[in-house]
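Structure first, commentary second.
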Amino acid sequence: MNKIEIEATADTPAVKFYPNQGELEIKGKSISENSVKFYRPLIESVEQYLFKPVSPTLVHIHFDYFNTASAKCVIEILKKLESLPKKGIKVEVNWYYKADVPSSYHAGMDYKSILNLDFKMVKV
């Protein structure tokens, strides 16, 4: 499994996925016209990661802003990771939000309520 390092653009977030260390970070704006195309390589890598996961698996999500299509892709990734705790693999999701951006906080709380993962809200 290869690591993924994608630089942020005006429309897409920075993505760092280090499967050998069990770390995933998504940071920045995610407002791409084609979020599915952008996230597809990451989704496929996470699917492969499920065969050889690392405990703990740490996920850090810092969105300045994201659109509905991006939200669907991120939930798809996190839903895949939900299978790991059943195999004894600890998964921690850290959702970073700014106090002055209530939409980010509310989105994180929505994710927290629908996912069966150790999900922490982190104010920055």
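Keep in mind the model is a prediction, meaning the values are calculated, not measured.
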Side-chain heavy-atom pair V93, L78 within 4.5 angstrom cut-off: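 In short, these two side chains touch, coming nearer than 4.5 Å.
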Side-chain heavy-atom pair L42, I6 within 4.5 angstrom cut-off: no
N2 atom CG: more than 12 heavy-atom contacts under 6.0 Å: no
K120, NZ atom: more than 12 neighbouring heavy atoms under 6.0 Å: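 Yes, because the 6.0 Å sphere around NZ of K120 holds more than 12 heavy atoms from other groups.
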Less than 3.5 Å apart, any donor N or O on the side chain of [X] or [Y] sitting next to an acceptor on the other?
X   : Y    : value
S70 : S35  : yes
Y97 : S103 : no
H60 : E23  : no
E76 : Y39  : no

Minimum heavy-atom distance [X]-[Y], with the two atoms named:
X   : Y    : answer
E7  : T12  : O-OG1, 4.5 Å
E82 : N116 : OE2-N, 2.5 Å
C73 : I43  : O-CD1, 4.3 Å
P19 : V54  : O-CG2, 3.4 Å
L50 : S83  : CD2-OG, 4.0 Å
V91 : L81  : CG2-O, 4.0 Å

Tell me if a side-chain donor or acceptor on [X] pairs with a main-chain N or O of [Y] at a distance below 3.5 Å.
X   : Y   : value
W95 : F63 : no
Y49 : F17 : no
D11 : K29 : no

Test side chain to side chain donor-acceptor pair (under 3.5 Å) applied to S104 and Y65, step by step: CA-CA 7 Å; S104 178; Y65 180 78; over 6 Å; no
Stepwise salt bridge (Lys or Arg N to Asp or Glu O under 4.0 Å) check, D64 with K98: CA-CA 8 Å; D64 295 330; K98 295 178 182 173; 3.8 Å; yes
side-chain contact (heavy atoms from CB on, under 4.5 Å) between K16 and L24, intermediate numbers included: CA-CA 6 Å; K16 296 177 183 175; L24 168 62; over 6 Å; no
CG-NZ distance between D118 and K112, expressed to the nearest 0.5 angstrom: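 Interatomic distance, D118 CG to K112 NZ, rounded to 0.5 Å: 9.0 Å.
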